[in-house]
Amino acid sequence: MTETVDTPSITFAEDDWQGIGAAATEDQALYLELDGWEGPLDLLLDLARRQKVDLRRISILELVDQYLTYIERAEALRLELAADYLVMAAWLAYLKSALLLPREEQPDPSPEELALRLQLRLQRLAAMRDAAARLMGRDRLGRDVFARGAPEGLRVDRKSLWQCDWFALVQAYGQVKARTAPVVHMVRDRMVMTLDSALSRVSSMLGVNLDWMELRDFLPPHADPRLRRSAMASSFVAALELARLGKAELQQDETFGPLMLRGIRA
Amino acid sequence: MSRPDDLVRAVEATLFAATEPMSAEAISVHLGGAEVKAALAELAEQYRERGINLVERGKRWHFQTAPDLAHLLRREREEVRRLSRAATEVLAIVAYHEPVSRAEIESIRGVQTAKGTLDVLMEAGWVRIVGRREVPGRPVIYATTPEFLTHFGLESRRDLPGIDELRAAGLLDPVEDALAEAMEAAGGAEGEAETQSGDEADAD
Amino acid sequence: MSRPDDLVRAVEATLFAATEPMSAEAISVHLGGAEVKAALAELAEQYRERGINLVERGKRWHFQTAPDLAHLLRREREEVRRLSRAATEVLAIVAYHEPVSRAEIESIRGVQTAKGTLDVLMEAGWVRIVGRREVPGRPVIYATTPEFLTHFGLESRRDLPGIDELRAAGLLDPVEDALAEAMEAAGGAEGEAETQSGDEADAD
């Protein structure tokens, strides 16, 4: 084990982590638990811990070799490996070859940087795993310390103090009355020709003329346009009525064409 | 304050965490057969004048709030709340037409009235049930209370303005819904807002 | 124990009866606005060595049994949920790094975090969403809750085990920051981070 100084760090003591693989000393047992790792970083951390050195002094080359060996053997045992384990294996193989290259042929980023990055990630994961273990080991409420079993409870009864004033009250009543009062529709005074006057006008005009006449010719001449509309409607109904009574006949050659009207002599 | 001995501490913690009062025997069993009577007596004495007491009831022990502090367990908080528009309308109808049944209120308002609305008015102390109408179904009939008159500063119900006066004051003019709502919103801004939209919403 | 003054008794009774931890402010409101900080400090001291203690967790106070009595009380009470390893790791990462996004959690763990993992922690009431990070995608960010502090017996996040050391060692900084620093310090030669040396962590 590495020489340690008097500051905290993130290495694992051998007995402080009961995670997967801790008891698996035989390779075989380890492989069968490959599923148990949460991804390649997890497996790498476990392997790193087996080097039993401070994570900051770990041999990345050795770690890479161990990882690649495991993956190879897992493949030999025909264990199905998740893709990310294989991706990591390929990347580590690349890292290894780069680390072994002569210095002047090194690519960018440098293999040292890549190795350091991996190391830093392992340190951080280890730190959090350690922190989690320490957190779980605290005196936890409901497990180690207990709250009162049967608290009486504090009840706060909210009592409403209702507010309303005179005006609001009276206004509300006014609104109810206004809303529910019977509605009266005022119809504006309009110039109209009643059906009765149209009937007498049309029938008297038919009496003096036996030729076909267009309905329009029965309307009062020079009438106000509004009266004219009313007269047209009334005269049309009057014409229908006269036809029904057998006093007139109607003819229209085309839709919307002029409506022709002729009296029938009794 | 000195540290109590371990047995006293154990009994104290056990009773504190227990969900039910425990007999001395049950505590003893829980603590591996220790003799706990003396510890219970000591604890009871230590807690005698505190905000919580250790008491024995029917041979079973438990902690409870000191009797003189029982009022702390249940407090009332008063909140000023403005009456909703629906409730105000119902109150006005009761005031103008009393005694009146709920069905009559609804026919005057022209909308259904939630049961809760009348409850609110009764909770406020302004409306009460004064009997039943002797018609089929014997519906309950409501009227206003003396507190209602007091709150609204009225000598009697006759002080309420009549229809003609309301008309003269413009209070019978139809108010656009939007305007009514705007007034409602503006009024509701002060105090606890009773959010509602439209006539059917009732105070809960 | 001697008879405490009335305010101390009232605070004592209130916290004893409360079903949830209470902040000093909430206690004060419950007691009609009394200044309770001194009373809380006095109570905490009075209960320091007893079988039950008054503790502050995330600015909220509650009574709980003394930790050294755990063995007496634990028995039939395995109510605490068992967290998966993934969930404990995620919880630790959130607690030590908060506020933190899911992507940041995943970059530390090196694996995707199952949807259920954060849900479990949120359901337990220990983690909550506290907003969004103002970066592209506006990811949701997570942090711990007062209930987390209560459950794990932490007065505040500063009490998280080893957090000062982790921070000093740069282990709570992103890899990128540490990388830049280390490359600079070591000239990129050995790839050895000479930030802080350390010894074995003693996690028990």
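Chain naming here is simple, since letters A, B, ... match the order of the sequence lines and numbering starts at 1 in each.
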Which one wins on heavy-atom pair count under 4.5 Å against chain A: [options]?
options: C/I163, C/D68, C/L154, C/N53; result: C/L154
options: C/V55, C/V90, C/D173, C/L69; result: C/D173
options: C/P161, C/A92, C/G110; result: C/P161
options: C/R109, C/M22, C/Q112, C/H62; result: C/R109

Task: With sequence neighbours excluded, residues passing ring-ring contact (aromatic ring centres under 6.0 Å, His included) with C/Y96 - done: none
Heavy-atom proximity to chain A below 4.5 Å, by part of [X]:
X: C/A66; answer: backbone
X: C/D177; answer: neither
X: C/T14; answer: both
X: C/P174; answer: backbone
X: C/L160; answer: side chain

TODO: State whether the side chain of A/R143 and the backbone N or O of A/R138 hold a donor-acceptor pair below 3.5 Å, judged by distance alone.
DONE: yes
TODO: May I ask you to decide if C/G153's main-chain N or O and A/R140's side chain share a donor-acceptor pair within less than 3.5 Å?
DONE: no
Open item on the list: Looking at C/R133, I want to see if its CZ is surrounded by more than 12 non-hydrogen atoms of other residues, nucleotides or ligands under 6.0 Å.
Closed with: yes
Cut-off 3.5 Å, no hydrogens considered: what does the side-chain donor-acceptor table look like for residues 31-42 of chain C, sequence neighbours left out?
residue: C/E35; atom: OE2; partner: C/K37; partner atom: N; Å: 3.2
residue: C/E42; atom: OE2; partner: C/Q46; partner atom: NE2; Å: 3.3

- [ ] Could you tell me how the ring of C/F16 sits relative to the ring of C/F63: parallel (under 30°), tilted (30 to 60°) or perpendicular (over 60°)?
- [x] perpendicular
Task: Option that, when pairs with chain C are counted at under 4.5 Å, heavy atom only, ranks first among A/L154, A/L44, A/D139, A/L41 - done: A/L154
Task: Atom of A/G153, atom of C/T19 and distance for their closest heavy-atom approach - done: CA-CG2, 3.8 Å
